[in-house]
Colleague: 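Before I ask anything, let me first share the structure, which is written out below as structure tokens.
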Amino acid sequence: MARGLLGKVLVRTEGGCDTVLRINEVEAYLGIGDPACHTFQGRRTPRTETMWGEAGMAYVYLVYGVHHCLNVVTVGPGQPEAVLIRGATVMDGHDLVRSRRAPGVEEGRLTDGPGKLCQALAVTRDLDGIDLCGPQSDLRICDDGFRVLDERTLQTPRVGVDYAGEAASWPLRYVSDSRV
DNA sequence: TCTAGGATCGGCT
DNA sequence: GCCGATCCTAGAT
């Protein structure tokens, strides 16, 4: 699923305007058996409730009390797994992205991190549980036919999960070179 | 009710 | 490369 999300198009509609990004960096979180995942060992809390629900929903949470992170729920009821969207390139709505981000940000740095991406798309906890597959959703994922080749995809350990022991080295981060 | 710490970012050195 | 911001969440008491 994580690999498949690379190259997909993320569309945010706000105030009648669309912002369009192409996903180029993701991480997989493998549910109850993954020490780095919020639902490790079956943890089920108000925060993670969305992950326990239907696949195709957005799981949005706050990290470090400052930034939001956007995930796609990937499996389905009772199997709380998700893919974190870590990076993307701006395809359309460039001015809107700039207006939402801090002034003076370097061009290539507008949406190259999970927190930045959420800021650029005005994604907050309000969108937690939204259907990413719904054509009318204010946040949705589309396929425009673009394909990322496996040989152009870099696979590495996940970022910032050192606390997860052995799982910190699992190669569940995927980066595509469509970021150029 | 209390407390520790986090799937990050940006400014500063 | 280092460090502070900032506040919610989850687990302990």
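Chain letters run A, B, ... following the sequence lines, proteins first, then strands; residues in each count from 1. Nothing here was measured: the structure is a model prediction, and the numbers come from that model.
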Colleague: Mind checking who dG11(C) pairs with, Watson-Crick or G-U wobble, both distances under 3.5 Å?
Modeller: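 WC or wobble partner is dC2(B).
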
Colleague: Using the benzene-type ring in the case of Trp, are the ring centres of Tyr61(A) and His38(A) under 6.0 Å apart?
Modeller: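 Yes, close enough.
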
Colleague: Work out how far the C1' atom of dG5(B) is from that of dC3(C), and round it to whole angstrom.
Modeller: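 Going atom to atom, C1' in each nucleotide, I get 16 Å.
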
Colleague: Decide if atom CG of Leu62(A) counts as having more than 12 heavy atoms of other residues, nucleotides or ligands within a radius under 6.0 Å.
Modeller: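 Yes, enclosed.
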
Colleague: When rounded to the nearest 0.5 angstrom, what distance separates CD in Glu81(A) from SG in Cys37(A)?
Modeller: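 These two atoms lie 7.5 Å from each other.
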
Colleague: Does the cation-pi check pass for Arg22(A) over Phe146(A), that is, NZ or CZ under 6.0 Å from the six-membered ring centre and within 45° of its axis?
Modeller: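 Yes - Arg22(A) lies over the ring of Phe146(A), closer than 6.0 Å to its centre and within 45° of its axis.
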
Colleague: Give the B/S/- string for nucleotides 2-13 of chain B, one per nucleotide from 5' to 3', where a protein heavy atom under 4.0 Å of the base yields B, of only the sugar-phosphate yields S, and otherwise -.
Modeller: ----BBBSS---

Colleague: Roughly how many Å is it from CG in Asp126(A) to P in dC8(C), rounded to a whole number?
Modeller: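 It is 13 Å, rounded to the nearest whole Å.
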
Colleague: Under 6.0 Å from the six-membered ring centre of Tyr174(A) and within 45° of its axis: does the NZ or CZ of Arg86(A) meet both?
Modeller: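 Ring-cation test returns no.
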
